[in-house]
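Beneath this line is the structure, given in structure tokens, with notes to follow.
Please read these numbers as outputs of a predicted model, since none were measured by experiment. Every heavy atom of this structure was used, including side-chain atoms; hydrogens, water molecules and symmetry mates were not.
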Amino acid sequence: MIEFQDVGVVYAGSDSPALTGVSLSVAPGQWVALLGANGSGKSTLARLANALILPTTGAVHVDGMDTRDESVVWDVRSRVGLVQQSPENQIVGTIAEEDVAFGPENLGIPTAELRTRVDAALSAVGLDGFQRREPHLLSEGQKQRLAIAGALAMRPAYLVLDEPTAMLDGTGRADVLAIVRSLRASGVGILHITHHLADIASADRAAVLDSGAIVFEGTPADLFADPGRVRRLGIGLPPMTTLVSVLRERGHAVPATTVEAESLVESLWPS
Amino acid sequence: MALVAQGAGYAYAADTRFRVDALREVDFEVVPGELVVVAGTTGSGKSTLLRLLAGLLEPTEGLVSVDGIAPTLRAARGSVALVFQNPETQFFAETVLADVAFGPRNLGSADPHAAAREALTAVGLDPDVFGPRSPFTLSGGEARRVAIAGALAMKAGYLLLDEPTAGLDARGCRDVVDAVVAERDRAGVVVVTHDPEDFLCHADRVVALSAGSVVISVPPSELTHRHAQYESSGLRLPEVVRAQILARQRGAALTGVEFDPRAAGVLLAESLGAPR
């Protein structure tokens, strides 16, 4: 379990805290979505999870290990993979397989095991056969999936995804969300940071950060069912959610979390 | 008065075996007072088209002209302004006002600060509040609008923007869309994007690019009749529009199509009648 306990962060040279009193947990096999506007503290929370930064107050524990304990920092980082927003900034290899191998190779994993891990990681993100491909020839969506494969090759127990779909078009976005679903099914705990409400309809839990504090925690359905609150929290409502709320106000039976046209039509005009 | 491409094509590395034909025989036009959205997936040629229209590239076939002059010529300089993707990464001045005034100063403006103040006001930022601030302390939406103001301050007749809302949160997105749409009153505006949803309901015309060619060029309201072709270009209509198309396929009697989600909800509710 990743546990944030009453965490506060104040960056050096800053007057105002980036986070205050944040408590949140991510269990194995759980998909926790964290929403918030730009500047709300989402990326700070992401970096706390694998000890890239340390809490100023409170504590972060990963499977019981305190991230402030220097003797466990590498153990923490091998358990918690972090994928950041711009894939270009985290691709280091000249071909895809080298890039994915970079992390585990540094752990001293033997070559045969490395081969297995790299191929499995590329396969998990749908990049089978891309082993020898040069990263700069990949599409944005493929680059983001490559960055995720790099994290997966470390066999992390938890994956923190910081706005993994921000730079992607509709197809790339759907691909990344499908990967998140299958990772959850395989027991990986996921902290998914985003400002797109539509991305989190299938998450297990949702939390909202506003000015460094958690102002909502519950199920995605709770959040979708209260569009007024979502808007007040500075999160964009998917246009479909507005459409769905008009139908729900008029008594039509549509789940509040409906974000795809197909499922809406299936609810209202069953085939 | 128009920014025009006629039979324009562009090949990268044209004289080598690495030749890539990025655009082929593209006819395109935008006139002042018009907002055109160019939609296409990665690699469809949309950024190349933008560079041709801005005069950063010369077409390898056909021609591009701005009010009758090739945009690469000195006589046309200043008539087309281009806002690159993530333009806020190019800030360099100490204050927002100095950054926005840089363009008009280089064009020999008599009063670059006045031009900068006017441009900041146009994107909804009070020049007295934001002018003295460091451009590196702004929120995402504010930074993007300052970068757009930098282009507006040059008072170009045509404003071209590459993915102007990418990476912004809801509020930033809304502010940038409002600022861009407002520019239609004084310029011809071209927005290039792989995700046209934010701009569709404001656009006068939607141009879809696929593999370097224009496959659709229609007002947004006609997209529903062309949705199969639109989606085969790798593009996706907004879910609220797709919902109306799918409902119609299931027999819902809908008149017209709504891009506004609330209006779309009302339209669907009316066709359903009272809930069972």
Side-chain angles (χ1 to χ4, degrees), chain A residues 35-40 42 85-86 137-143 163 166-174 194-198 227 230-231 233-254 258-271, chain B residues 39-43 85-86 138-143 163 166-174 193-198 200-201 231 234-252 258-276:
Chain A
L35 293 133
N38 292 350
S40 59
K42 306 191 295 295
Q85 185 173 338
S86 304
L137 296 178
L138 300 177
S139 73
E140 286 303 298
Q142 289 165 342
K143 283 182 202 167
E163 306 216 18
M167 298 296 163
L168 305 184
D169 59 21
T171 322
R173 228 156 120 175
T194 178
H195 55 238
H196 290 296
L197 188 63
V230 172
R231 212 178 284 114
L233 293 171
I235 299 165
L237 273 182
M240 272 295 278
T241 304
T242 305
L243 185 158
V244 165
S245 68
V246 170
L247 289 164
R248 286 166 58 88
E249 281 159 19
R250 294 174 181 225
H252 295 287
V254 192
T258 306
V259 288
E260 281 169 356
E262 281 78 4
S263 43
L264 176 86
V265 171
E266 198 54 52
S267 307
L268 294 172
W269 290 272
S271 53
Chain B
T41 58
T42 310
Q85 200 169 345
N86 297 322
L138 304 171
S139 75
E142 289 163 359
E163 304 281 1
L168 295 182
D169 63 13
R171 183 169 304 145
C173 230
R174 208 162 45 233
T193 176
H194 65 246
D195 186 10
E197 180 152 2
D198 297 328
L200 271 190
C201 58
E231 299 202 345
L235 294 162
R236 199 171 159 96
L237 283 170
E239 290 300 304
V240 298
V241 175
R242 295 183 63 244
Q244 295 167 69
I245 293 170
L246 293 174
R248 199 174 288 158
Q249 286 169 2
R250 293 267 168 106
E258 293 288 354
F259 282 77
D260 175 74
R262 188 155 284 281
V266 172
L267 189 70
L268 289 177
E270 280 170 358
S271 83
L272 284 163
R276 277 165 289 162

- Task: Evaluate the criterion side-chain contact (heavy atoms from CB on, under 4.5 Å) for residue pair B:L268 and A:L264; output intermediate values, then yes/no.
- Result: CA-CA 11 Å; B:L268 289 177; A:L264 176 86; 4.0 Å; yes

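Only the backbone of A:V259 has a heavy atom closer than 4.5 Å to any heavy atom of chain B. Both the backbone and the side chain of A:E262 come within less than 4.5 Å of a heavy atom in chain B. For a residue to count as touching a neighbouring chain, one of its non-hydrogen atoms must lie under 4.5 Å from one of that chain's; by this rule A:L247 touches chain B with the side chain only. With a threshold of 4.5 angstrom between heavy atoms, B:E197 approaches chain A through side-chain atoms but not through N, CA, C or O.
Proximity of a side-chain donor or acceptor of B:E239 to a complementary backbone N or O of A:E260 within less than 3.5 Å is not detected. Distance alone, capped at 3.5 Å, is enough to place a donor-acceptor pair between the B:E163 side chain and the B:H194 backbone. Looking at B:Q244, its side chain does come within 3.5 Å of a backbone N or O of B:E258 through a donor-acceptor pair. Between the A:R248 side chain and the A:V254 main chain, a donor and an acceptor come within less than 3.5 Å of each other.
Contacts with chain A were tallied for B:P238, B:G251, B:A252; B:A252 has the most, counting heavy-atom pairs under 4.5 Å.
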